[in-house]
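Along the sequence shown, residues carry numbers from 1. Source: prediction; values computed, not measured.
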Amino acid sequence: MTTNYPFKWKSQVNPFLCNHADRNVRLRLCPGVKIDYIFMRILIPALCLVTALVAAHAASPSENSWPQWRGPLATGVAPKGKVPSEWSEEKNVQWKYQIHGFGSSTPIVWGNQVFIQTAVPTGKKEEKPQAEEPSGRRGRGEVPTEYQDFVILSVDRTTGKQLWQKTARTELPHEGHHKDHGFASASPVTDGEHLYVYFGSRGLYCYDLSGNLKWEKDLGDMRTRNGFGEGSSPALHGNTLVVNWDHEGEDFIAALDKRTGKEIWRKPREEATTWVTPVIFEHSGKTQVVVSATTKIRSYDLNNGEVIWECSGMTANVIPTPVIGFDMVYALSGFRGNSLLAIKLGRTGDLTGTDAIAWSHNKNTPYVPSPLLYGERLYFFGGNNAILSCFNAKTGKVLIDAERLPGIFGVYGSPIAADGKVFLVGREGVSLVIKDSDKLELLATNKLDDKFDASPAISGNQLFLRGHKFLYAISDTKEMADK
C-alpha cells in the first residue's frame, strides 16, 4: 500500500539539534500545512525508533541461523536457507573441521559461529562395575572405563577455524551408551546472547558466546533403559529453559531461569526412559510445553508446570520430537509398533480416544529420526530405515506411502528442508535431496567420506553435516568464487 504524505521537507533546520529557545521554529511544508517543532521533536525520534527496530528485525541473526535442535521454527525448516543440491569431497565443500572425540548432537549456528558438543576420551582409565538397573537386568550399553572431557566448541562458519573450546566437565560416566552413539547426543541452544550446553548427567551449563562460563547446574544421574545413554536436548522460550528427565528412576520435567539456572518449577512424571526434546509454543495466548512419551503425550503450562492436556497412544522407547502446526501437535513413535497422532490444540484434560485426534496413522513411523513439517507436508522415515512417507498435515491424506529411497539404508538423522528441497542424510555417507512435492522426485545423490548419525542443519547459504570425524560446511563454492 502506498501512502501519500501532505508535506515536503523545505527547512534545513535539524530538530534534533534545536535547543529550548527554538521551540517556535516551524517546518515549511506544503501550502496550508504547518507542524510545530515540539510535535516534530516527538514524531521524528519515534519514526527513527520504528525504522531502527524494523531494520534490526530484518537483520536479526535468528532468521538466518539454526539456534536449536530442529531449527528456528522447531520443525526442521530453514525459512531463509538456500543451499546447493549437489556436493562431494571435491564439490561444494566450503570447509571441513576435524572433530576430536565423538557425539551425535546437531550443530547449532548463530551469527558467525557454529557450536558443537563432543565427548573426548582423556586416556585416563578406571575399571568400574556395571550398575544394576532397577529391574535387576543389566544394561546392554558398554561399561565405561575411560574418563571423558565433555566439550563445547565454537567454529568460525566462514573459515572452519576453531574459535574456542571449553571443557564443561571431566568425568568417568556412571553408565554406558548404545553402540551407535556416544556421551554427547544432546544439542545446545542459544538465544543469541548466551549458549546453553546440556550433557544430561554431566550437567547444564550457560556460557556467553565468547566461551565464558556464567553458571552451571547438576541435575543428578540418569539411569537409562538398557544402558542406552542419554539424548534429550533442552528447550528455550523467553527467559525459561525446560529440561525433561525421563529415565529408569524418579522422572521429572523442570523449568529453569536461563539467567541464573535457578529452578522455577519441577513436576514429577511417571514414564520409562524417553529421549524426546520438549517443544515450546504459544497457542491462544498460553505458552505450552509438549513432551511425548510412552505412557502419555503431555502438554504443560510453561508458567507453572500444570498439565493442560494429555493423550496416550505412543509406542515404547519414544525418541522423535513432535512438531506443531495448523493448531495441531504431530507426535510419532516407531519402536515395537507404529503411531502417528495429529492432536488438535485448544482442548484440556485427557484427549485419548476423543475427537481431539484429527487423524492418525499406524504404519512405518520413525524410531529415532524426528519428523519434518514443511508447509502442509509432514515427512517422516519408517523405523531407522530409508523408507519415506509424506502426508498432508491438515487432512492426513497420504502423499508418499512408505517409498524406499535409492542409495541409502540406515537413517538416524532427521530430515530438514529449505528453498523447496528436502535433505535426507543416510548413516553411511550418502545423502539424497528431493523436491518438496506430493510425489517422490529425486534431485541429487551425494556422497562424503564420513558416517553421519547427527541431524543436519541449515543456516543461510550453508548446510552443516556433522559426521563421526568431521563437521562439513556445504555451500555453492563456485558462486562464492565468482563473488
Side-chain angles (χ1 to χ4, degrees), residues 66-78 104-108 117 181 185-189 196 198 200 224 228-237 241-246 253 269 271-281 283 288-300 302 311 313-326 328-335 338-343 345 365-374 378-384 389 391 393 411-417 423-425 453-458 466:
W66 193 274
Q68 62 181 346
W69 161 244
R70 301 309 287 145
L73 307 178
T75 58
V77 176
S104 54
S105 64
T106 294
I108 68 165
Q117 294 180 216
H181 78 118
S185 295
S187 302
V189 60
Y196 303 93
Y198 184 56
T224 59
F228 276 172
E230 306 169 18
S232 176
S233 301
L236 174 65
H237 181 89
L241 279 165
V242 177
V243 172
N244 190 52
W245 194 271
D246 287 347
I253 183 171
R269 289 167 56 82
E271 289 290 348
T273 305
T274 61
W275 295 265
V276 176
T277 295
V279 180
I280 307 177
F281 62 96
H283 185 266
Q288 303 184 37
V289 184
V290 166
V291 183
S292 184
T294 298
T295 304
K296 288 185 178 180
I297 308 155
R298 296 178 181 86
S299 176
Y300 298 86
L302 182 65
C311 183
M314 290 292 99
T315 68
N317 287 16
V318 180
I319 300 175
T321 297
V323 289
I324 316 296
F326 308 109
M328 288 187 276
V329 174
Y330 302 92
L332 301 86
S333 62
F335 177 72
N338 296 274
S339 181
L340 189 170
L341 298 179
I343 305 169
L345 291 167
T365 50
Y367 181 18
V368 171
S370 293
L372 162 70
L373 180 60
Y374 194 22
L378 182 71
Y379 294 89
F380 55 90
F381 290 115
N384 295 330
S389 295
F391 281 57
V411 176
Y412 278 169
S414 305
I416 64 171
F423 299 81
L424 311 167
V425 179
D453 292 334
S455 296
I458 290 176
R466 193 251 179 89

When you measure from the side chain of Ser187 to the backbone N and O of Ser233, does any donor-acceptor pair fall under 3.5 Å?
-> no
In short, Thr277 meets Pro322 closest at the heavy-atom pair O-CD, 4.4 Å
Would you find a donor on one side and an acceptor on the other, under 3.5 Å apart, between the side chain of Trp69 and the backbone of Gly71?
-> no
Measuring from Tyr412:OH to Ser455:OG, what's the distance to the nearest 0.5 Å?
-> 12.5 Å
Walk me through it: do Arg70 and Thr106 pass the test side-chain hydrogen bond (donor to acceptor under 3.5 Å, both in side chains)?
-> CA-CA 9 Å; Arg70 301 309 287 145; Thr106 294; over 6 Å; no
Residue set satisfying ring pair (Phe, Tyr, Trp, His ring centres under 6.0 Å) with Phe335, at least two apart, ordered chain then number -> Tyr367
Residue of the set Thr274, Thr273, Thr295, Thr294 for which side-chain hydrogen bond (donor to acceptor under 3.5 Å, both in side chains) holds with Asp246 = Thr274
Flag the pair Val243 / Pro234 as yes when at least one side-chain heavy-atom distance between them is below 4.5 Å, and no otherwise.
-> yes
Within the distance-only criterion (no hydrogens, no angle test), does the side chain of Ser292 pair as donor or acceptor with the backbone N or O of Ile297 below 3.5 angstrom?
-> no
Distance-minimising heavy-atom pair for Pro278 and Val291 = CB-CG2, 3.9 Å
Is there a side-chain contact between Tyr300 and Val242, using heavy atoms and a 4.5 Å cut-off?
-> no
Check whether any side-chain heavy atom of Tyr198 sits under 4.5 Å from a side-chain heavy atom of Val189, and report yes or no.
-> no
Validation row: Val329, Val279 side chains within 4.5 angstrom (heavy atoms) | no
Would a distance-only check, ignoring hydrogens and angles, find a side-chain to backbone donor-acceptor pair under 3.5 Å from His181 to Ala454?
-> no
Which pair of heavy atoms, one from Ser232 and one from Ala186, lies closest together, and at what distance?
-> O-CB, 3.4 Å
Value for CG (Leu332) from CD1 (Ile319), rounded to nearest 0.5 Å, stands at 12.5 Å
Distance in Å, Trp245 CH2 paired with Glu230 CD, rounded so as to fall on 0.5 Å steps | 6.0 Å
Between Thr224 and Gly229, which heavy-atom pair has the shortest distance, and what is it?
-> OG1-N, 2.9 Å
Pairwise side-chain contact, Leu302 with His237, heavy-atom cut-off 4.5 Å (strictly under) = yes
When rounded to the nearest 0.5 angstrom, what is the spacing between OH in Tyr379 and CG in Leu424?
-> 9.0 Å
Ser370 side chain to Thr321 backbone, donor-acceptor under 3.5 Å = yes
With a 4.5 Å limit on heavy-atom distance, are the side chains of Arg269 and Asn244 in contact?
-> yes
Mind checking the CG-OG spacing from Leu340 to Ser333? Nearest 0.5 Å is all I need.
-> 9.0 Å
Side-chain contact test, heavy atoms from C-beta onward, threshold under 4.5 Å: evaluate it for Tyr330 versus Phe380 and give yes or no.
-> no
Between Trp66 and Pro72, is any pair of side-chain heavy atoms under 4.5 Å apart?
-> yes
Separation of Arg298 CZ from Gln288 CD (nearest 0.5 Å) | 15.0 Å
Quick one: does Asn384's side chain have a donor or acceptor within less than 3.5 Å of a partner on Val368's backbone?
-> yes
Leu236 versus Leu241, closest heavy-atom pair with distance = CD1-CD2, 3.9 Å
Looking only at heavy atoms, what is the nearest atom pair of Arg466 and Pro107, with distance?
-> CB-CD, 3.8 Å
Ignoring hydrogens and geometry, is there a side-chain-to-backbone donor-acceptor pair from Ser414 to Pro369 under 3.5 Å?
-> no
